[in-house]
Structure formats: C-alpha cells, structure tokens
Q: 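This is the structure I want to talk about, given as structure tokens.
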Amino acid sequence: MTYLAKPKLHHPTLAKNKLGYIRRDYEGAVSTLCAGCGHDSISAAIVQACWELDIEPHRVAKLSGIGCSSKTPTYFLGNSHGFNSVHGRMPSVLTGANLANRDLIYLGVSGDGDSASIGLGQFAHCLRRGVNMVYIVENNGVYGLTKGQFSATADRGSKSKRGVVNTDEPVDMIGLALMLGATFVARSFSGDKSQLVPLIKAAIAHKGAAFLDVISPCVAFNNHPGSTKSYDYVREHNEAVNRLDVIEGRDQITADYAPGEVTDVTQHDGTVIRLRKLAVDYDPTDRVKAMGYLQERAAAGELVTGLLYVHPEAADLHEHLGTVETPLNQLGGRELCPGSVMLERINASLR
Amino acid sequence: MKPTDTKNPEYFHRVVDCQWACPAHTPVPEYIRLIAAGRYGDAYMVNWESNVFPGILGRTCDRPCEPACRRGRVEERNAEKPEPVAICRLKRVAADYKEDIRARLPKVPKQKNGRRVACVGAGPASLTVARDLAPLGYSVTVFDRDPRAGGMIWSQIPRFRLPLEVIDEEVGYILNLGVEFKGGVTIESMKRLLAENYDAIFVGSGAPRGRDLDIPGRQEAAANIRIGIDWLSSVSFGHTTKIGRRVIVLGGGNTAMDCCRTSRRLGGEDVKVIVRSGFEEMKASPWEKEDAMHEGIPILNYLVPKTFEHKNGKLTGMTFEKVKATYDAKGKRRLVPTGEPDQHFECDDVLIAVGQENAFPWIERDIGIEFDQGMPVVDKLTMQSTLPKVFFGGDAAFGPKNIIWAVAHGHDAAVSIDKFLNGEDVRSRPAPGVSLVSQKMGIHEWRYNNEISGDARYAVPWRDQKMTLKDIRVEVELGFDAKTALAEAQRCLNCDVQTVFTGKLCIECDACVDICPMDCITFAKNGEEAELRKRLNAPALNLTQSLYVSDALKTGRIMAKDEDVCLHCGLCAERCPTGAWDMQKFLLEMTHAGPACRTPKGKAA
Ligand SMILES: Cc1cc2nc3c(=O)[nH]c(=O)nc-3n(C[C@H](O)[C@H](O)[C@H](O)COP(=O)(O)OP(=O)(O)OC[C@H]3O[C@@H](n4cnc5c(N)ncnc54)[C@H](O)[C@@H]3O)c2cc1C
Ligand SMILES: Cc1ncc(C[n+]2csc(CCOP(=O)(O)OP(=O)(O)O)c2C)c(N)n1
Ligand code: SF4
Ligand code: SF4
Ligand code: SF4
Ligand SMILES: [Mg+2]
C-alpha cells in the first residue's frame, strides 16, 4: 500500500476529452491493494475507457461486494456514485438501483469469490433478468482479501501457494453467463489493456446485461508456478479470438481491412464494434456455436479471450417489465403514490 | 533501441538537469536536500567544493541551471506560470544560515611541494586555481592591478547586489590557504613574468575593455560620456559618487542594467535604458530587466544611436533613429529604419554599455603563445595555451562569460597544471567520482522525501525602495527566511534519486505504468528511437531528454521510460511487487586537482 496521494501533476501533453476532462480526472483515491495486483490495472482500464467515452462522472454508479476486487471502486471514478454492498449481494443492490433510476450507467465490480462462491445465485438471476449494466468479475482464482483460499473459479489441478492441489471442478462463469442469457459476454486479462479497454467501452455502450470475466493475477497468493491464474500462465495460454475497436457514431471509419477480416456489429445506440478476427470461423453473434467452441478450446487447455458473444438487439429488464421511462426520483408524489382510488381500481382489475 | 548503459556516468548525470547544466557541475539536489534538513553548513560545503563562491553566486550567478531545471517542464500545463526551483537563491540560503565553517576548509600544508604557480588577475578564475592548488602544496602567487582581490566580482558588480562582506569572506577563505596576493601590481610583460621561472602561469586577466561608440559628438561631449565598465569600477573604488539628474544608458546587457540601477542611486532621477534591438532580444537576464524596471527605469527599444548633441562643449542629449526588425529567408535579423522622424532625448550623462572586449597588450606575440584574431589559442578541454606552461581561464580564455564559467575553467586549469607538473598527459582527464545508493528503507519509506510539493515558486523579498535607492551599499534582496527556504527546497524533485530498472525482476504487471502520474513508463515492442518515441503512453517529444530502455523482457517487449518529466516520486518503485524498480541516489562529484586526478601509477597488487 502507498501512503502518498498520487501527485496532481500530469504529463503536459495529456489530452482533454469532449467534456474538457483529462484522463487523470477519472481517477480515484490511491490504491491500497498489494503492489502489482492485477485489479489495479483493471481500474486503470476503466478510467481510460470512461475518459475515451466522454462519460460524465456523475452519470455512473459503481457497485461492489466484498473482496480486494470489490474495494477497487474507491480507486477509480472518484466523482461517481458508489455503493459497497454485502459479500455476494452486489447484483441485488445493482438491480434495485437500476430499477429506480435507469438513466445511470451501472458498473458492477466483483471478484470470483464474491460472484462465483457466496454470490453465485445473485449473479445468475441478475444476468437472467437482463439488467442493463456492465458486470466485471476480477478473477484471480482465490479469495485475495482473506489470504488466498481457493475460490470457486480455481481450476481443478491447480496448486495453491503452499502446494495444495485443488480437487474441485471450477465454476465456468463465461459458460454460465452464456447459458443464463447475458447479451454481451467477454473475457480478458488485466495485463492486456489494448484488449481490455475497448471491451469495457463496448460493454458500456451495450444495452443489456454485459458480463466481463477479467483474469487478474493475485500477486500475493496466486502468482506462482502451478497456478493457472498467474501472469506467466495467462500469457502462455491466452488465445484471443478477436481484437476490437469501438467506433462511436460520429467518428470517421478510416482504416482499411481485407474483406472477411473484420465484422462490424452495430449496437442499439449506434456504436459500431469493429471486430478484427483472429480465429477465422469464430462468430460472436452465434451463441450456441460460441458455447461449443469455448468448451472445446477449454478442453484443449486454452484460455479464450476477446468478445465471445454479443446480441446487438438486446432488450433489458425495463423493456421486459414495461416500466416507466422517467427515473423514480424525478416523478412527483402523485405519480409515485396515485392514491386509494387507483389502488381500488387495480385491485378490482385483478379480481 | 539498444538497452541503456547506465554504467556510463553520463547517463544518470544528464537526468540531473541542473547539475548537468551547471558549468561546475554542482550537485544541486544534494545541497537542496541538506537545506531542507536545516543542515546549512553541509549544504554550503557541497557548494564550496564545486563552485567556490556560494554566497557570491547565490546572489549573482547567471544560473544556467534554472532554465534547465525539470520543475519548469513539469509545471507546464499544470501551473499558471511554470517556474524552475529557485536554485540560485537557495545557494544564498546555505551561505546566509551556515554555522562557522572555517574549521572545515582545507588546511594550509606544512610542507610545500616546491612548485611555484603565478596567476595573473585575481578574479574568480584565478582564485579557483589558487584554491585547488594551494592545499596541495603549490606556492601560488596572485597578481592584480587592483588593490583588492575578486576581479570584476568586486570592481563591477554593484554593492546593492553583492555586499562587500560576502566578497571579503569568500575571497578570504582562499587567500587564507597560504596564497600570496600581490595587489596593485600590473603585469606589463609576459616575457618578464616567464623569466621569473614559475613552473606554471595561469592567465585570468578577464575581458577588461569596454566598447566605445564612435558617432558624431563623441569627442566634443566626452566629459559627460563614460564607458560603462570603467564607470562602474570607479564607483566601486569610490572615485565616482555622483551622476547627473538625467541619464541615458546605451546597451541591453547586464552591464547596462547595473549602470542604470547604479545611476538611480547616485543622483539619477530620470534614468532610461535605450537599446538598438527589441526588448525580447536583449542580452540581459529577464530578472535583471525586471529589477531595473521595478526601480522606475524605462527600457526603450529599436532605437539606434545617431549623434550625441552638445552645446558649448557640454552634452545636452542624444538623437536616435527608429528601426524595426526584418527577417530574411534564412531567418537572419536585420534592423531597418522605419522612416519615422528621429527621436531626441535630453540628458546630462551617457553611459555606454554596448559590449566588452579582451585585450592582451602585455603578452608579447613572439614567446610561443599563439593568438588568433586577438584571442589566445586555448585548448577547450585543458585550458592550455600553445606555450605548455601557460594556461588561460575565465573571460580571458574565450571572451566574456560569467563567474560560474570562470570557476569551471579554474578547476579545469588546476587539474591540467597539477598533471602537467607531475609529468602527465594533460589531455587524459580524470573521471568524475560517482556513487549509486538505494534509498529504500521500507516498502514505502525512502531516505528522501518523495512527496511532491504543489507550491509555486517563492519570490525573494526585497527591501523597501525608499532605503535601497538612497544608498548604493544597501542590498536590495533580503534572501529567503528559513521557512520560505524550506518550502522552496521542497519544490525540488530530487532528480538525482534515479529510477533504476532491473529487467530480470520484472513480471510485467503494469503496476508502475498505472501509478505513474506523468505517464513516463511504457512496455512496448522495441523499435528505432525516433519511432518508439511516438508510440509511448505519452509521446516523448523532448529530444534533449533520454529514453531509458531495458533489454527484452519475458514477453519480448521492452520497458521504455521517458526521463523528460519524471517527478522522481518513487511511486513506480513503491508499486512494483518485485523491486524491479528501485530509487537510487546518484552522486556525481567532479574530480578536482590532486592525487585523484592523476593516472594511478602501476600499484603493487
Ligand atoms: C557590470 C558587470 C556585471 C556583471 N555581473 C555579473 C553577475 O551578476 N554574475 C556573473 O556571473 N557575472 C557577472 N559579470 C561577469 C563576471 O564578472 C566575469 O565574467 C567574471 O568576473 C570573469 O572572471 P575572471 O576570473 O575571468 O576575470 P575578472 O573577474 O574579469 O578579473 C580579472 C582581473 O584581472 C586583473 N588584470 C587584468 N589584466 C591584468 C594585468 N595585466 N595585471 C594584473 N592584473 C590584471 C583585473 O584588474 C581584474 O581584477 C558581470 C560583468 C560586468 C562587467
Ligand atoms: C458474508 C461474508 N462471508 C465471508 C466474508 C469473508 N470474505 C471477505 S472477502 C472474501 C472473499 C473475496 O474473494 P474475491 O471476491 O475473489 O475477492 P478478491 O479478494 O480475490 O479480489 C471472503 C470470503 C465476508 N466478508 N462476508
Ligand atoms: S491479496 Fe491478491 S487480490 Fe488482494 S490486493 Fe493483494 S494481490 Fe490483489
Ligand atoms: S527539480 Fe531539483 S534536481 Fe531537478 S533539475 Fe530542478 S533543482 Fe535540479
Ligand atoms: S518516479 Fe516513477 S512513478 Fe514517479 S514520475 Fe518517475 S517514473 Fe513515474
Ligand atoms: Mg478473488
């Protein structure tokens, strides 16, 4: 942990975004995580993505559970809303907040313990419901905060720092997310910002439940030989199926590509996700094929990363429920509580 | 790019911008930290070793270190007015608040080594030679035509910028080393001096001649027209104590600034400076111009002197032609008349400060000392002339410069003389002494204060003008008080505490990249420098600053750090989980004359 605040001084050439902010304006308090923790790089990627998207900080709500990963919202977007909830309960709190105010951008930040162990049920239902959010799991295969016990995503056969072999099957969060109907599913690595930043941007632009599994090495407890979540292991086994550029509506599309090399996916808000294919036959809009492909590559010992699945026309919870468009805090007392006559009428209609 | 060779002392030396820019390579951040620690005497001694005149330079130095100081670059687009650390005035703090340091000065050797060295002129160049050689046992004799030692420090720089006590103290430290000073002695002939069989002669006679201005009326009005440097020295001698009410000073250099400010104190009420060129191109340092204007002295520009007006043999004023600057295709400036009517200014006295020249009428041209266009042929590295036992330094060597260059020349010449008289090749120069020491004490505890101050530069307070304009001996600047000095010292970034990278420890976790406030660090594919500079996290546009590049790391990438705006905050090292980054204090000390500067003789193993 560092005691000093990061100096306010910044590089003289730092650019301002459309709102007049520099990237540094999107930072939070200085991190108290272990030096070298992958989670800090994910925070930096979120900062970069939000700056690039010209997001107004007060339009973002950060929600998290408990864990080193769940502490990170303090370390980015210092001027956004935040809620540090109970262990494994972030999805419910996020769902509630989203129902109350659909105008904010919801950023759920969690760990593999928080989401795959204690919070597995919450995780599942929140994705099923299609809550419009970006759900990031900072996945290190251990409970970092409680000193490195295996979490539910630890691979069978992987070794703990003290040499104990994990005998349990891992929870496959990507597989679950695809099965449960998440409409944007991606995997990345904290050590590869050139892949991670555009994925976060695309996920923010996505309207629906976007899930990001980011492998994020725990330097203190899970970065040794025998671990499958170490910097070295992930670098050796990483197989990216695609690379993407996020093109906002007003940006010019200039780069030249050979035919068949790229696929453009236009999302709801006009954002174009330009995918440069790395695995020739991989089609990220085909959910069933994607599931098969991922199982196959996982069996071959590869860690597939990139944009794995996207449903461009996704709908979200509000559309499913037909809720009012105005955030509840902007409705007046009469609309929120229409009175006993209205209650009578509703009850009558249900009899 | 090839991995950076940090074993080469030059690499880290360049990172310490101020020390690199200082002609005498004073370890600036080292003394600034000592000031912050309240160790003024130690800070003074660090200075004294390198630049010999801390109290004098702390008031008068041309301070080439300050435009080079990283703090100025770092504050760009961060502060309203980016400013370097007040390096020069902190030097004065060390001098002002030090305890008695006399016991720490070199001792006069009991045993002389039998060699005799003569120095012509008692300016800073000769005094530095004397200081470096006398403690080694050389018998040094310094001659000056003036009765006091100090050269132009004493004869030209006015008292309101530099009090006499400060000169006496620091010149005294040198003369007390057993140096023989012969004041009031003009050396009329080099031939005769050579005949006195000194083992070596150092010429530090300065550039004593002021340029004149030969335009109509010069002869007729001569009684009220003076050459600036002659006039200033006659003020220093006490021969001149008055000047007319209306004074025109011609010229845009520091001498002109001293002339006009001195005039204000000797009865000049309507004093103006008139320059040929534009205000911006004036040779005077920006702070000297500010100081003059602050004393109510206007600076009029683009006026070329045409005639001195006079009546009944008495100066009445001057006429100037109005010009403007035009630039040809090559960007060369020319001043051309604007065609506007000439401008006339009335005045009682004129001071001409339009440049200084060397003059060596006393050096015969047939004794083996070669001259080229009036200047001696001097080796830039060794300060040796074409007559091996004669060395030059200071303004006498390459024309008028400043005190700190004179000091640097003096050190170089002393090394040469010492080697020469020990039968060594003077061109093989001693390597500087360098050390590199880790500053780590704990995970986030360092031997230096790595918190970055956000303060803007502090201004040195001035004494009330009511007092300063009345008496030429009243010093204008008051110097920092201890509290302000501490705050100013904290603005220093400790550029000598280097970021040292060990590639084989790096796990490429990006922690340093993420924490670095200045985006200095990038992990990238290697490439040619020009191309690599463009694709770093922040483009490395300042080509005078190095890129620090590692060998290929595990992923095949390299670490590239742009040294340009690094804050030396150590956060990269604090966030590095493996200690691949370390903060190490680099201390470079120049090797001065003495056994260390000589080539080691084949020692028994
Ligand atoms: C008005 C003015 C203001 C200045 N202000 C500053 C300033 O603020 N900061 C700064 O860094 N520099 C300043 N300078 C420049 C600085 O004074 C000189 O660069 C510096 O003093 C040069 O040192 P030196 O040792 O070469 O010789 P000098 O200091 O010039 O000393 C040479 C000495 O040699 C003596 N001498 C010459 N010939 C003979 C001879 N034949 N026999 C015996 N003695 C002889 C002279 O009397 C003189 O004392 C200023 C110069 C002037 C003119
Ligand atoms: C209800 C409850 N049960 C258990 C804990 C103890 N606990 C704190 S953090 C944590 C695991 C966190 O693991 P993960 O989400 O993977 O976060 P990491 O620290 O690895 O980033 C546990 C079990 C708790 N805080 N609350
Ligand atoms: S314990 Fe692990 S997860 Fe937690 S901060 Fe340290 S390195 Fe990161
Ligand atoms: S910040 Fe300090 S060490 Fe760095 S160049 Fe300036 S004075 Fe020198
Ligand atoms: S010391 Fe390290 S973290 Fe601080 S500015 Fe320099 S490179 Fe960046
Ligand atoms: Mg975890």
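No experiment lies behind these values; they were computed from the predicted model shown. Per chain, numbering begins at 1; letters A, B, ... match sequence-line order.
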Q: Between A:Lys193 and B:Asp514, does at least one N-O distance fall below 4.0 Å, as a salt bridge requires?
A: yes
Q: To the nearest 0.5 Å, how far apart are CG in A:Leu9 and CE in B:Met518?
A: 5.5 Å
Q: Which atom names give the shortest non-hydrogen contact between B:Glu508 and A:Arg235, and what distance separates them?
A: O-NH2, 2.6 Å
Q: Write down the atom of A:Ala35, the atom of B:Glu574, and the distance for their closest heavy-atom approach.
A: CB-O, 3.7 Å
Q: Which bit of B:Pro82 comes within less than 4.5 Å of chain A, counting heavy atoms only: side chain, backbone, both or neither?
A: neither
Q: Just how far is it from atom CD1 of B:Ile507 to atom OG of A:Ser230, taken to the nearest 0.5 Å?
A: 9.5 Å
Q: Under a 3.5 Å distance rule, please check whether B:Arg73 uses its side chain to pair with a backbone N or O of A:Pro12 as donor and acceptor.
A: no
Q: Is the number of heavy atoms from other residues, nucleotides or ligands under 6.0 Å of B:Glu451 CD greater than 12?
A: no
Q: Under a 4.5 Å heavy-atom cut-off, does chain A meet the side chain of B:Thr555, its backbone, both or neither?
A: side chain
Q: Between the side chain of A:Lys6 and the main-chain N/O of B:Ile515, is any donor-acceptor distance below 3.5 Å?
A: yes
Q: I'd like to verify something: which residue of B:Cys516, B:Ala511, B:Cys509 has the highest number of heavy-atom pairs under 4.5 Å with chain A?
A: B:Cys509
Q: For A:Tyr21, does the OH atom sit with more than 12 other heavy atoms under 6.0 Å from it, leaving out its own atoms?
A: no
Q: Take a 6.0 Å sphere around CD of B:Glu528 and say whether it holds more than 12 heavy atoms from other residues, nucleotides or ligands.
A: no
Q: Quick check: are there more than 12 heavy atoms from other residues, nucleotides or ligands sitting under 6.0 Å from NZ of A:Lys159?
A: no
Q: Just so I know, are the side chains of A:Arg24 and B:Pro517 near enough to count as touching, which here means a heavy-atom distance under 4.5 Å?
A: yes
Q: To the nearest 0.5 Å, what is the distance between CG (B:Asn537) and CZ (A:Arg23)?
A: 7.5 Å
Q: Roughly how far, to the nearest 0.5 Å, is CG of B:Leu567 from NE2 of A:His10?
A: 11.0 Å
Q: Whether the B:Asp510 and A:Ser41 side chains hold a donor-acceptor pair (N or O, under 3.5 Å, no angle test) is what I'd like checked.
A: no
Q: How long is the gap from CG on B:Asp519 to OG1 on A:Thr13, to the nearest 0.5 Å?
A: 7.5 Å
Q: Considering all heavy atoms of both residues, which atom of B:Arg575 and which atom of A:Cys34 are nearest to each other, and what is their separation?
A: NH2-O, 3.5 Å
Q: Which bit of B:Val565 comes within less than 4.5 Å of chain A, counting heavy atoms only: side chain, backbone, both or neither?
A: side chain
Q: To the nearest 0.5 angstrom, please state how far the NZ atom of B:Lys554 sits from the CD atom of A:Glu236.
A: 8.0 Å
